[in-house]
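Here the structure is laid out as structure tokens; the discussion comes afterwards.
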Amino acid sequence: MRQGTIASTDLVHQALVRITSDELTANAFARDDERRELVAARARRDALASDERRRRMSSSECSTRSALDGVPFAVKENIWVRDVECAAGSAMLRGYRPSSDAACVRALRECAGGVLVGMTNMDEFGMGSHGVTSKRGVVRNPLDVERVAGGSSAGSAACVANGSAYYALGSDTGGSVRLPAAYCGVVGLKPTYGRVSRHGLIAYCSSMDTVGVLARTVGDAGIVLAAMQGECALDATTVERCADLDAVAKEMLAETVNDESLRGVRVGIPEEYAVPELTQEVYDAWNETARAMEDLGAEIVPVKMPHTEVALACYYILAPAEASSNLARYDGVRYGDLTKKVTREEFLGEEFQIAIAKARSAGFGDEVRRRLLVGTFALSSERTAKYFTRAQIVRSLVMQDFTDVFDNGGVDLLLTPASVSTAPKIKDVAAMRPELAYATDVMTVPASLAGLPAMSMPAGRSRSSGMPIGVQLIAPRFRESSLIRVGSKIERAMNTSKRGYATVIASSSSIDSSAELVLKRRDELTALLSEQGIAIDRVIKANKELSKLEPIVEQYRIVEALRKEKASLEQLTAGRTASTDADDEQDAELAELAREELRTIDQTLPKEEMILQMMFLPKDEADDRGAILEVRAGTGGDEAALFAAELFRMYMLHSRKSGWSFQVLNISETDGKGVREASAEVLGDGVFGRLKFESGVHRVQRVPETETLGRVHTSTASVAVLPHAEEVELDLKEEDVRIDTMRASGAGGQHVNTTESAVRLTHIPTGIVVVIQDERSQHKNKAKAFSLLRARLYELEREKLAKERAELRSSLIGSGDRSERIRTYNFAAGRVKDHRAPELTIGDTKALMDGFLLDEITDTLALKRAEELLKSVSSTMSGGGSNNSSS
Ligand code: GLN
């Protein structure tokens, strides 16, 4: 962006495109269906503003806000973003939309100019190590969708690994940033407790919770951390900015490090981290990293940290204990799934404890409930001394271990593995006992107990599975700067910068796994449909989904068939060189035939694969909508008006042939047979997605009837196609409305103070309140109140829609779309050329003008656009790095 070769709007567009296909691949995002548009619209607007800042930078005193200005990022959904659902992966917080940004989000969006593109999926309330306990479903590892992405910041790691975001925020209480980073092959940085404000982070275990960063490179992680650090009035545990961290961010940005050596750095290797569960390949990677550091001049020293062994047990007492206290606020009264909320009557009734217990059972998942049981048990008065107090003592011993090696042992950094193994398979995790799942955190928990900064970073890949392996660096308090300086040197020395991971979506293996997922889903749906007595609305829904999957399945079959064919042909031709033997003559002939066929397949297979890939590239959301078509005569006087009329007619005929409805909205005719301006509303399936390619300037070259000298004139008409804005649909849900009844008050009410006839409705999502008390019966007041509420909501929706339309229109007109010359018509020569697809020549102009051939042009253009999109997605997302596909 600094060089002006790419704009923030491009990056954001690509990110949003990727996010729409996310469900089929990683399931990394927490989609807030009602606010999906809001997040996307905000992101586009922020990107535009960022590009504008950059544009003006050269001319005026205005400047970009930071290096992160315009860069797309994602946020774990336990960190507040204003107006966007922040459910922390839990049913308990469904529909909870904070009214402000968390401090860290504010720092990145407002101060640094970052563009938020989505919220990420996570283990419920941050409790988990595998990304499998979310109410929103399992997060899959983008490098192998059968494996977990790690947890609890599963989505944040996955979306950085697959290139949907350049970096993402996570939270790390006991390893939730570092572990998923290791499993997904990205960098995970957990700062010192107190470095980044926790304001707006949904509490899990307050004495260990931190906001951390997941990024593609160590340098990126450092730059983001520097942007978020500092004292915050809303979090009393925060400390002043660290100047050295800011300095490191500058170094990383300038990439000016010329001293690659680690001379003078003492690196401690704690032997207690070589736990029995540690796999050989992780152990090897740990050793290799140590050797690489030594090669750079570091001094490697073995150190002793005797309390490492008990740290895990200590964490799993303290974290649930604090959680049980933090999560006590979710009582089903103020938060919670609205359908299962504690009602007013229940709340005031005798059995309100039971009502609250019910709401909590319904709202919390199994893992959270397990933790709450353990936590309250450990905190119960008879057992505090035995568990909680003891765990606190152990915590201080673990801290002492670190003090001993850092302060007394003169060690600058510790190097450990980041996890005991590479990412396990989802099905293996499902069968895991909870204690075993907890054991996954053995490498990360000690630094959390001590509040120290720690970072996991890629250190190679497994030779057997190809999955990434991570190592961890731990530094003394507030020494993030040395983590980053040292980490980036290791990264360069070992060449583990995982910029290349971003291309993973476009690589064919990931297309295969996506297709496999589609096949699986298709089978599920077919099985569902064959069940007896299934409800009709489910049948409709399943059928709808099926019809969307069918084309993908079909295309996958084609690709598979071609691949098989190719493999067998290759076998046929392998090893058969020209032979002189007569017996082999026939064989040789066969081989030649096979080679011939192979050549054809080599040409068609990539094309078919590309079409399959395109199917995973989601369409523009507006593609399915209808369109508003405007045709306007341009330069060329009467001739232009005539041409505009012909074009308008062409679209009318084409719409009819496509089965769309074509309603003329207005036509302003000229004296001749032409039109100055005409517009129509075109409705039908996918109209906008097809017609949008018509936007631009159309030119005609012909000899006007009035021209006596017979000279060829060029006249133009411009076409604009806008997506049709949906009519206001009012969906008033019962559970969104709180109904209170009370006694009517004020003058004139005959029933004042006798019955509860007055009705107050509160629409929870918007906060609109209406009160009606003028009828005697509560029933009638209720009906009136509802109709008033509806009217208010309708008004609100209409205003919103009007604003959206205005925005859309100005963005369309502002873009180059309308002024680009797209097509030239030459009727005399019987030739139409589309400048965006010069290889395509339409000879039958009459057929075209009668509405027949437009589809062919559209198909070609759609394919081209998708090709470009694929190219730009994979090249810009890869950041120019190499794709280290395996080690
Ligand atoms: N896996 C650990 C746990 O479940 C760590 C979670 C976290 O850091 N939020 O508690």
Side-chain angles (χ1 to χ4, degrees), residues 75-79 88-90 120-134 139 148-157 168-183 188-193 196 198 201-214 277 311-327 364-375 378 391 395 418-421 423-424 429 432-456 470 472 474:
V75 168
K76 186 175 180 179
E77 74 140 345
N78 61 347
I79 298 175
S90 181
T120 61
N121 199 354
M122 59 179 280
D123 277 307
E124 187 172 0
F125 284 106
M127 299 175 190
S129 311
H130 299 103
V132 297
T133 72
S134 169
V139 178
V148 301
S152 66
S153 309
S156 290
L169 296 188
S171 64
D172 191 315
T173 306
S176 278
V177 160
R178 290 162 283 161
L179 185 67
Y183 283 177
L189 175 58
K190 167 216 174 305
T192 313
Y193 183 79
V196 177
R198 281 173 298 126
L201 167 67
I202 291 178
Y204 161 19
C205 168
S206 307
S207 73
M208 290 178 235
D209 288 343
T210 58
V211 172
V213 188
L214 292 116
E277 296 84 14
L312 190 66
C314 161
Y315 173 85
Y316 274 100
I317 296 291
L318 295 179
E322 288 193 40
S324 72
S325 161
N326 271 325
L327 272 58
F364 291 137
D366 289 348
E367 184 55 36
V368 173
R369 294 219 301 275
R370 180 179 299 125
R371 306 271 182 123
L372 297 181
L373 289 174
V374 171
R395 183 176 187 176
S419 61
V420 291
S421 69
V429 168
M432 226 180 237
R433 286 203 318 270
E435 322 84 86
L436 269 184
Y438 297 168
T440 314
D441 300 333
V442 60
M443 299 292 154
T444 52
V445 149
S448 293
L449 287 168
L452 302 179
M455 175 173 75
S456 77
Q472 174 180 233
I474 306 174

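In each ligand, atom 1 is the first atom listed, and ligand 1 is the first ligand listed. Heavy atoms only: backbone and side chains are in, while hydrogens, waters and symmetry mates are out.
No hydrogens or angles considered: nothing links the side chains of Ser448 and Lys190 as a donor-acceptor pair under 3.5 Å.
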Next on the checklist: One pair to check against side-chain hydrogen bond (donor to acceptor under 3.5 Å, both in side chains): Glu124 and Ser90. What are the steps and the verdict?
Outcome noted: CA-CA 5 Å; Glu124 187 172 0; Ser90 181; 2.7 Å; yes
Checklist entry - Can you check side chain to side chain contact (heavy atoms under 4.5 Å, CB included) on Met122 and Ser176, steps first, answer last? => result CA-CA 10 Å; Met122 59 179 280; Ser176 278; over 6 Å; no
Item to check | Evaluation steps, side-chain hydrogen bond (donor to acceptor under 3.5 Å, both in side chains), between Asn326 and Ser206 | outcome: CA-CA 8 Å; Asn326 271 325; Ser206 307; 2.9 Å; yes
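In this structure, ligand 1 sits under 4.0 Å from heavy atoms belonging to Gly126, Met127, Gly128, Ser129, Ser152, Asp172, Thr173, Gly174, Gly175, Ser176, Tyr204, Tyr315, Tyr316, Arg371, Asp441.
Residues that satisfy the salt bridge (charged side-chain N to carboxylate O under 4.0 Å, His left out) test with Arg371, not counting sequence neighbours, are Glu367.
Remark: Glu277 CD to Ser419 OG distance equals 12.0 Å, nearest 0.5 Å.
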